[in-house]
Amino acid sequence: MQRPGERSVFAAFFGNLDYLQIGAMALLLGTGLIFINSTGEQVGTVASRAFFGKQVIWIICGTVLYFVLAAVDYRSLPVRFFVFGAYLAAVVLLITVLFFGKEIFGARRWLDLGGFRLQPSELAKLTVICVLANIFSAVRFRREPLTAIGLAAAAVLVPFMLIVVEPDLGSALILLPDFGSMLFCYGIKWRYVLLTLLLVVFGVTFILVDCFVLDKPVALREYQVTRIKVFFNPKMDIRNRGNNAYQAMNSVGSGGWSGKGIGKGTQNELGFLPQTVSNNDFIFSVLAEETGFAGALALLMFYGTLIYTVLRTAFLTSGYGRYLAVGIGTMLFCHIFINIGMNIGIAPITGLPLPLVSYGGSFTLTGMGTLGVVQSVYRCRRLEAQRR
């Protein structure tokens with residue numbers, strides 16, 4: 001029986017949610033639906049129009065997942081143990097996809113599960129963040145930093161190498177800034193930060209030498225070398241690998257200040273922007289063409305608000321919750337920066353989707369799931385503050 005003045009379970013749950021985060025997420029999901037529908041109507045085929053309905057289903061499933069994760073106490077021992085099981089499952093799926101995955105454009109990244117394609121690398125991103133948060137927040141490892149860093153590095157290295165083999169270098173590289181930001185939050189000394197930066201500079205230099213100096217690449221595959229060269233000069237292979245980047249920049253530039261109108265973009269409709277990627281990797285260019293600078297700026301404001309809510313949650317809490325929020329915030333920021341960057345020519349084409357906006361089941365569920373975890377951290381922090 002409910003005591004006088006005591007709120008119901010539902011009132012306590014919904015009364016402690018971060019509605020600013022929910023609002024930003026809803027605006028981004030709605031924006032994605034608008035332009036997935038726009039690209040489908042422009043292409044005009046039955047398959048292209050079906051993308052909108054499929055995305056609605058993923059969003060409904062993602063909403064259920066979001067609130068389930070928000071309702072769970074992320075600090076409970078069963079949940080924290082479950083994380084390690086999910087991590088192992090992700091590793092097993094990454095191994096499975098190498099042998100039984102569906103090959104598309106020379107890469108095995110997806111498992112066909114009836115009418116749904118599962119991309120294990122997306123699951124790996126979230127589970128790696130959760131495992132690293134467990135390691136860095138453990139009391140024992142606060143006294144044994146070298147052990148903690150070694151375990152964390154191993155936890156990142158295993159899925160990193162498996163994803164690289166698929167190959168999906170873009171998704172694999174996302175794990176590195178996640179590791180770096182959480183390591184910085186752990187309290188690594190500045191000399192190690194400078195050492196890491198030197199290693200990054202060395203790595204970038206090595207890649208550039210591999211691409212532009214050596215006759216035959218040593219570390220990279222031929223298609224990766226071509227992508228990097230095309231990034232610096234899209235016109236060198238404008239009929240093939242440089243075409244997507246070139247047409248995407250044309251789409252963004254042709255939008256002007258206010259755009260051509262939703263559903264009236266010509267780059268996608270006439271097939272200059274490949275219709276196979278216009279609702280996914282290059283949906284930003286469709287948005288920029290149809291809504292112009294104003295629409296692109298509004299999208300960035302939505303993302304800015306979303307990232308702000310994640311970082312605010314990180315500052316409001318400590319320990320395990322802070323590591324989770326920092327890792328998730330880093331993952332989202334990297335996806336946003338790289339995806340928009342490759343649409344405007346400041347980042348190479350990597351195939352990373354735009355969070356909550358691009359079409360795709362795996363990343364929609366992962367994106368909403370990660371935000372559900374952040375919501376759980378925020379809600380539990382509010383409940384703690386109320387008890388004091």
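Note that this is a predicted model, so its numbers are computed, not measured. Atoms considered below: every heavy atom in the structure, side chains included; atoms not considered: hydrogens, waters and symmetry mates.
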> Counting N and O atoms only, with roles assigned by atom type, does the side chain of Asp178 sit under 3.5 Å from a partner on the main chain of Met331, one being a donor and the other an acceptor?
yes

> Check the surroundings of atom OH in Tyr19: do more than 12 heavy atoms from other residues, nucleotides or ligands lie under 6.0 Å from it?
yes

> About how many Å separate CD1 of Ile22 and CG of Leu27, when rounded to the nearest 0.5 Å?
12.0 Å

> With a 4.5 Å cut-off on side-chain heavy atoms, are Trp110 and Ser362 touching?
no

> Heavy atoms, side chains only, cut-off 4.5 Å: are Phe337 and Cys334 in contact?
no

> Does some side-chain heavy atom of Phe136 sit less than 4.5 Å from a side-chain heavy atom of Cys185?
no

> Write down the atom of Pro120, the atom of Val97, and the distance for their closest heavy-atom approach.
CG-CB, 4.2 Å

> Yes or no on side-chain contact (heavy atoms from CB on, under 4.5 Å) for His335 and Phe363, after CA distance, side-chain angles and deciding distance?
CA-CA 11 Å; His335 266 271; Phe363 193 64; 3.6 Å; yes

> Are there over 12 heavy-atom neighbours, none belonging to Phe82, within less than 6.0 Å of that residue's CZ?
no

> Would Cys380 and Tyr74 count as a side-chain contact (heavy atoms from CB on, under 4.5 Å) if you check the C-alpha gap in whole Å, the side-chain angles of each, and the deciding distance to 0.1 Å?
CA-CA 8 Å; Cys380 291; Tyr74 73 98; 3.8 Å; yes

> Under a single-linkage definition using a 4.5 Å side-chain heavy-atom cutoff for Ile, Leu, Val, Met, Phe, Trp and Tyr, are Leu88 and Leu175 assigned to the same hydrophobic cluster?
yes

> Just how far is it from atom CG of Asp168 to atom CD1 of Ile174, taken to the nearest 0.5 Å?
10.0 Å

> Do the side chain of Asn279 and the main chain of Tyr359 share a donor and acceptor less than 3.5 angstrom apart?
no

> Taking the side chain as every heavy atom from C-beta outward, state whether Val357 and Phe35 have any atom pair closer than 4.5 Å.
no

> Give the C-alpha distance, both sets of side-chain angles, the deciding distance and a yes or no for side chain to side chain donor-acceptor pair (under 3.5 Å) between Gln21 and Tyr378.
CA-CA 10 Å; Gln21 182 198 96; Tyr378 180 87; over 6 Å; no

> Out of curiosity, Leu299 CG to Leu354 CG, how far, rounded to the nearest 0.5 Å?
6.0 Å

> Rounded to the nearest 0.5 Å, what separation is found between the CG atom of Leu311 and the OG1 atom of Thr330?
8.0 Å

> When rounded to the nearest 0.5 angstrom, what is the spacing between OG in Ser254 and CD in Gln247?
10.0 Å

> I need the minimum non-hydrogen distance between Gly367 and Thr370, along with the two atoms involved.
O-OG1, 2.7 Å

> Can you get from Ile340 to Met301 by hopping between Ile, Leu, Val, Met, Phe, Trp and Tyr side chains that sit under 4.5 Å apart?
no

> Between Ser251 and Val286, is the side-chain contact (heavy atoms from CB on, under 4.5 Å) condition met? List the steps.
CA-CA 7 Å; Ser251 295; Val286 176; over 6 Å; no

> Got Ile336 and Leu306 here, is their nearest side-chain heavy-atom distance under 4.5 Å?
no

> Using the side chain to side chain donor-acceptor pair (under 3.5 Å) rule, collect all pairs that involve residues 310-327, keeping only residues at least two apart or in two chains.
Asp18-Arg312, Asn134-Tyr320, Arg142-Tyr323

> Between Val131 and Ala155, which heavy-atom pair has the shortest distance, and what is it?
CG1-CB, 4.0 Å

> For a 4.5 angstrom cut-off between non-hydrogen side-chain atoms, does Val56 reach Leu33?
yes

> Between Glu290 and Lys264, is there a salt bridge with N-O shorter than 4.0 Å?
no

> Please check if Leu173 and Met161 belong to a single hydrophobic cluster, counting links between Ile, Leu, Val, Met, Phe, Trp and Tyr side chain heavy atoms closer than 4.5 Å.
yes

> Determine yes or no for a side-chain-to-main-chain donor-acceptor pair under 3.5 angstrom, with Gln375 supplying the side chain and Leu69 the backbone.
no

> Counting C-beta onward and ignoring hydrogens, is there a side-chain heavy-atom pair between Leu65 and Cys61 closer than 4.5 Å?
no

> Can a donor-acceptor pair be found, under 3.5 Å and without considering hydrogens, that links the side chain of Arg109 to the backbone of Gln119?
no

> Answer yes if Leu28 and Ile60 sit in the same cluster of Ile, Leu, Val, Met, Phe, Trp and Tyr residues linked by side chain heavy atoms under 4.5 Å apart, and no otherwise.
yes

> Can you measure from CZ (Arg80) to CG (Asp73) and round to the nearest 0.5 angstrom?
10.5 Å

> Distance-only, no hydrogens or angles: does the Ser38 side chain make a donor-acceptor pair with backbone N or O of Ile34 under 3.5 Å?
no

> Which is it for Thr366 and Leu123 under the side-chain contact (heavy atoms from CB on, under 4.5 Å) test, yes or no, and what are the steps along the way?
CA-CA 7 Å; Thr366 302; Leu123 175 62; 5.6 Å; no

> Looking only at non-hydrogen atoms, find the nearest pair between Trp58 and Leu365 and report the distance.
O-CD2, 3.8 Å

> Where do Pro353 and Asn280 come nearest, in terms of heavy atoms and distance?
CB-OD1, 3.8 Å

> How close do Ser358 and Thr364 get, counting heavy atoms only, and between which atoms?
O-OG1, 4.2 Å

> If you define the side chain from C-beta out and look only at heavy atoms, does anything of Leu17 sit under 4.5 Å from Phe67?
yes

> Are Val156 and Val92 connected into the same hydrophobic cluster when the rule is that any two of I, L, V, M, F, W, Y join if their side-chain heavy atoms are below 4.5 Å apart?
no

> Run the side chain to side chain donor-acceptor pair (under 3.5 Å) check on Ser121 and Glu166 step by step: do they pass?
CA-CA 10 Å; Ser121 60; Glu166 291 182 359; 4.7 Å; no

